[in-house]
Amino acid sequence: MEENGGARPSPSPPPPPLPLAPPPGEQEQGGIYLGTECSCPRDGHWRPGARWAENSKERRLRTEAEIARLPLHQRPAMRELGRRSEAADMPFKGMKPDEGGAFPGEGRGPAAQASRTRGSAFAGEQAGAGEGLVVTVARSGSKITLAAVCRNALALGLTPGMALTQARAMVPGLEVRDADPSGDLALLKRIATFAARRLTPLVAVSGSDGLWLDLTGVAHLHGGERQLCVDLLRYCSKLGLGARIAVAGNGAAAHALARHGAERLLLCPEGGEQAALAQLPLTALRLEQAVVDALRRLGLERIGDLAAMPRAPLARRFGKETLLKLDRALGRAAEPFDPVVPRDAPRAELRFAEPIGGAETIAAAIETLLDQLIERLREAGLGARTLLLLCDRVDRQQQRIEAGAARATRDKAHWLRLLGRHIESIDPGFGIDAMRLVAVQTEPLGGAPLPSDLAAPEPTPDLSQLVDLIASRIGTQHLYRLSAVESDVPERSVRKVAPLDTPESWPAAWPRPPRLLPRPEPIANVMAEMPDAPPKRFTWRGKTHRLVRGDGPERITGEWWKHGRERDAVRDYFRVEDESGARFWLFRKGDGVDPRTGDLSWWIQGGCG
């Protein structure tokens with residue numbers, strides 16, 4: 001090519017594309033090929049994406065798969081990937097309407113971890129796995145740290161004890177919730193009580209996130225150790241809880257393997273605790289962090305490294321507590337624990353030499369049972385709310401009577417009145433040979449304080465016994481009080497409470513009729529001027545009412561934060577009075593202008609009289 005009488009060299013050919021597969025003789029390290037032709041830096045921090053603009057579809061798909069295998073916080077940014085042809089989806093396009101429910105991610109839950117000592121099992125608690133990134137935080141003064149993390153957040157490098165600011169910097173978009181230690185402990189105790197009643201009598205709560213179960217002599221009753229652990233995992237899964245189980249020869253080894261082991265269900269062979277614990281970190285021994293840091297400075301990272309050290313220097317430098325925890329994990333020392341003992345319901349029992357069947361005899365037996373039961377309740381400092389009377393007949397049939405009280409009580413005369421009303425419903429058949437009285441529901445009951453001032457006004461009379469007598473006749477479901485609920489929708493603003501509970505009152509600025517229908521009823525033949533005039537006539541339950549006065553409207557919008565379908569709903573309420581003086585509370589669905597707010601149908605909500 002010639003220009004201006006001079007010659008110009010031809011341009012050099014473009015460089016060949018970089019290979020995505022390793023050439024022969026080259027090695028692959030961490031998913032990245034190390035070769036001589038790659039111009040990217042090889043310091044270990046290179047992330048795939050620089051080859052995003054390759055024309056080959058096969059190469060591009062391999063690069064996409066390589067990027068997908070990386071954790072979220074290590075994937076290349078969009079500016080490194082280059083411009084893509086497809087448009088990004090609108091982030092709010094796929095969101096469901098808010099239906100007033102909780103965040104869909106899973107919360108924290110007890111994780112079962114077990115270890116076998118010829119039958120000891122440890123169950124611990126850890127964060128469950130959910131679709132989102134959920135963490136719980138604990139506050140200590142001005143410092144906020146992570147108390148627990150979900151499985152997805154744990155895979156991204158978040159750990160309990162990390163500062164919340166550091167966690168948000170590492171993983172944006174975290175769902176943060178406050179930790180509830182008391183709630184976690186209550187849940188652990190409930191699961192421990194269940195295990196003590198169904199699996200093994202020796203169950204203990206270990207810390208704030210674990211349970212220890214002694215399986216000695218009980219594993220064969222549940223199909224063996226593995227089957228028992230599988231059933232435990234299935235039970236926790238039904239509760240929505242993530243669980244890990246390890247079985248070993250002692251509780252300390254179980255604790256370490258369950259929390260730091262590689263498997264969700266681990267059965268350590270008998271006598272193999274030392275080999276199983278050798279590769280676990282020192283934190284598995286429940287040592288103080290200062291001791292762990294000091295041991296790491298000496299080059300001790302694993303339990304096996306610590307077990308191989310001479311004991312005398314370790315005892316002089318780190319104290320006997322370090323060696324004691326090591327000996328407990330290796331089974332050389334015992335570890336005490338405080339078992340959870342499920343409390344049985346207080347009860348009294350009578351067996352008769354000859355079957356009984358008369359009403360007077362049954363009443364005398366009930367009185368004897370009450371004497372025994374009340375004495376046991378008094379020793380335990382409890383009062384009974386519900387008593388269950390069981391009568392075993394000679395034909396192996398059972399008669400059941402239940403009586404309840406509005407407040408916990410040990411009043412013998414009162415319980416005799418409540419149980420005596422049901423004696424006529426007992427069918428003795430050919431005779432009753434045994435009777436049992438069980439306090440199904442109990443509450444702590446102490447002494448009642450007396451006023452010290454003799455001139456004090458008369459105390460408020462106790463209506464609990466009157467409530468119990470009325471409820472025994474008409475049923476507890478028909479005896480209640482109405483309490484206000486914080487809701488704008490009238491049918492949701494009322495709830496039933498116990499007769500002796502203190503109800504919430506309505507605000508004085510809200511004029512409401514004294515009588516509300518259980519649910520609104522439609523009315524017909526309504527004559528009203530749109531959009532805001534009160535009606536002049538309507539028909540309800542076959543009767544036509546001509547109205548002479550009206551007031552309104554009072555506009556109430558739907559509770560869109562509870563039900564998505566109420567986002568545009570509107571009700572206009574009117575207080576009206578007919579020719580006979582009867583007053584009603586009516587409403588119209590819709591504002592009379594926008595059809596999305598309602599279908600303009602009329603309903604009656606309540607009234608006076």
Open item on the list: Between T361 (side chain only) and G357 (backbone N and O only), is there a donor and an acceptor less than 3.5 Å apart?
Closed with: no
TODO: Answer yes or no: are there more than 12 heavy-atom neighbours, outside R549 itself, under 6.0 Å from its atom CZ?
DONE: no
Task: I191 side chain near V203 side chain, heavy-atom distance below 4.5 Å - done: no
Task: Exercise: identify the closest heavy-atom pair between D411 and I374 - done: C-CD1, 4.5 Å
Open item on the list: I'd like to know if the side chain of S483 and the backbone of E504 have a donor-acceptor N/O pair within less than 3.5 Å.
Closed with: yes
- [ ] Output yes when D392 and R351 qualify as a salt bridge under the 4.0 Å nitrogen-oxygen rule, no when they do not.
- [x] no
TODO: Using the side-chain hydrogen bond (donor to acceptor under 3.5 Å, both in side chains) rule, take H414 and D468 through it: C-alpha gap first, then chi angles, then the decisive distance, then the call.
DONE: CA-CA 9 Å; H414 182 54; D468 296 339; 2.7 Å; yes
TODO: Verify the neighbour count for atom CZ of R546: are there more than 12 heavy atoms of other residues, nucleotides or ligands below 6.0 Å?
DONE: no
TODO: State, yes or no, whether a side-chain contact exists between L187 and L239 at a heavy-atom distance under 4.5 Å.
DONE: no
Task: side-chain contact (heavy atoms from CB on, under 4.5 Å) between L369 and L389, intermediate numbers included - done: CA-CA 10 Å; L369 289 172; L389 179 64; 4.1 Å; yes
- [ ] Quick one: do D178 and V137 satisfy side-chain contact (heavy atoms from CB on, under 4.5 Å)? Show the steps, please.
- [x] CA-CA 5 Å; D178 291 333; V137 296; 3.8 Å; yes
Open item on the list: Check this for me: R519, atom CZ, are more than 12 non-hydrogen atoms of other residues, nucleotides or ligands nearer than 6.0 Å?
Closed with: no
Open item on the list: If I take atom CD1 from residue I401 and atom CG from residue L388, how far apart are they, to the nearest 0.5 angstrom?
Closed with: 9.5 Å
- [ ] Kindly indicate whether the side chain of M435, heavy atoms from C-beta on, has any atom under 4.5 Å from the side chain of I356.
- [x] yes
TODO: Can you see which heavy atom on A403 is nearest to which on W415, and at what distance?
DONE: O-CZ3, 3.7 Å
TODO: Check the pair Q397, D427 against side-chain hydrogen bond (donor to acceptor under 3.5 Å, both in side chains), reporting the backbone distance first and the verdict last.
DONE: CA-CA 10 Å; Q397 298 294 324; D427 181 13; over 6 Å; no
TODO: For the pair R410 (side chain) and L382 (backbone), establish whether a donor and an acceptor sit closer than 3.5 Å, ignoring hydrogens and angles.
DONE: yes
Open item on the list: Can you give me the closest heavy-atom contact between G404 and L418, atom names plus distance?
Closed with: O-CD1, 3.7 Å
Open item on the list: Which label fits F538 and F584: parallel for a plane angle under 30°, tilted from 30 to 60°, or perpendicular past 60°?
Closed with: perpendicular
TODO: Determine whether T409 and S464 make a side-chain contact, defined as any pair of heavy atoms from C-beta on separated by less than 4.5 Å.
DONE: no
Open item on the list: Applying side-chain contact (heavy atoms from CB on, under 4.5 Å) to Q398 and L390, what does each step give before you reach the verdict?
Closed with: CA-CA 7 Å; Q398 191 178 76; L390 303 175; 3.9 Å; yes
Open item on the list: Any carboxylate oxygen within less than 4.0 angstrom of a Lys/Arg side-chain nitrogen, looking at D572 and R588?
Closed with: yes
TODO: First locate atom CG of L479, then atom CD1 of I474, and finally report the distance between them rounded to the nearest 0.5 Å.
DONE: 5.0 Å
Task: CA sep, side-chain torsions, deciding dist, call: D180, S182, side-chain hydrogen bond (donor to acceptor under 3.5 Å, both in side chains) - done: CA-CA 6 Å; D180 185 13; S182 59; 3.1 Å; yes
TODO: Starting at CG of L500, measure out to CZ of R481 and round the result to the nearest 0.5 Å.
DONE: 8.0 Å
- [ ] Answer yes or no: are there more than 12 heavy-atom neighbours, outside Y480 itself, under 6.0 Å from its atom OH?
- [x] no
TODO: In plain terms, say whether R378 and E375 are close enough for a salt bridge, that is, a side-chain N and a carboxylate O under 4.0 Å apart.
DONE: yes
Task: Side-chain donor or acceptor of S237 paired with backbone N/O of L233 under 3.5 Å - done: no
- [ ] For S493 and S487, run side-chain hydrogen bond (donor to acceptor under 3.5 Å, both in side chains): C-alpha distance rounded to whole Å, both residues' side-chain angles, the deciding distance at 0.1 Å, then the answer.
- [x] CA-CA 5 Å; S493 62; S487 176; over 6 Å; no
TODO: Kindly give the heavy-atom pair with the smallest separation between P535 and L586, and that separation in Å.
DONE: CG-CD1, 3.8 Å
Open item on the list: Among E566, E491, E554, which residue satisfies the salt bridge (Lys or Arg N to Asp or Glu O under 4.0 Å) criterion with R571?
Closed with: E491
TODO: Identify whether the distance between the nearest side-chain nitrogen and carboxylate oxygen of R385 and E443 falls below 4.0 Å.
DONE: yes
Open item on the list: Among V176, T136, V135, exactly one meets side-chain contact (heavy atoms from CB on, under 4.5 Å) together with L146. Which residue is that?
Closed with: V135
TODO: To the nearest 0.5 angstrom, please state how far the CG atom of L232 sits from the CZ atom of R198.
DONE: 12.5 Å
Open item on the list: So R393 and Q399, do their side chains get closer than 4.5 Å, heavy atoms only?
Closed with: yes
Task: Neighbour count >12 (heavy atoms, 6.0 Å) for atom CZ, R190 - done: no
Task: Nearest-0.5 Å distance, NE2 of residue H222 to OG1 of residue T200 - done: 7.5 Å
Task: NE2 on H545 to OG1 on T539, rounded to 0.5 Å - done: 8.0 Å
Task: Any L199 side-chain heavy atom under 4.5 Å of V218 side chain - done: no
Task: CZ/R596: more than 12 non-hydrogen atoms of other groups inside 6.0 Å - done: no
TODO: Decide side-chain contact (heavy atoms from CB on, under 4.5 Å) for W540 and W602; before the verdict, give the C-alpha distance in whole Å, the side-chain angles of both, and the deciding distance to 0.1 Å.
DONE: CA-CA 11 Å; W540 177 48; W602 286 85; over 6 Å; no
Open item on the list: Just checking K589: does its NZ atom have more than 12 heavy atoms from other residues, nucleotides or ligands closer to it than 6.0 angstrom?
Closed with: yes
Open item on the list: For a quick test of reading the model, state the closest non-hydrogen atom pair linking L445 to A408 and the distance between them.
Closed with: CD1-O, 3.8 Å
Task: Parallel, tilted or perpendicular, as decided by the 30° and 60° cut-offs, for the rings of F587 and W603 - done: parallel
Task: Where A204 and D338 come nearest, the two heavy atoms and their spacing - done: CB-O, 3.5 Å
Task: Heavy atoms from other residues, nucleotides or ligands near CZ of F194 exceed 12 (cutoff 6.0 Å) - done: yes
Open item on the list: Can you confirm whether D551 sits close enough to P534 that some side-chain heavy atom of one is under 4.5 Å from a side-chain heavy atom of the other?
Closed with: no
Open item on the list: Contact between L517 and P520 at the side-chain level, heavy atoms closer than 4.5 Å - yes or no?
Closed with: no
Open item on the list: Is there a salt bridge (Lys or Arg N to Asp or Glu O under 4.0 Å) between E367 and K412? Walk through the geometry before answering.
Closed with: CA-CA 8 Å; E367 185 175 0; K412 174 183 174 182; 3.2 Å; yes
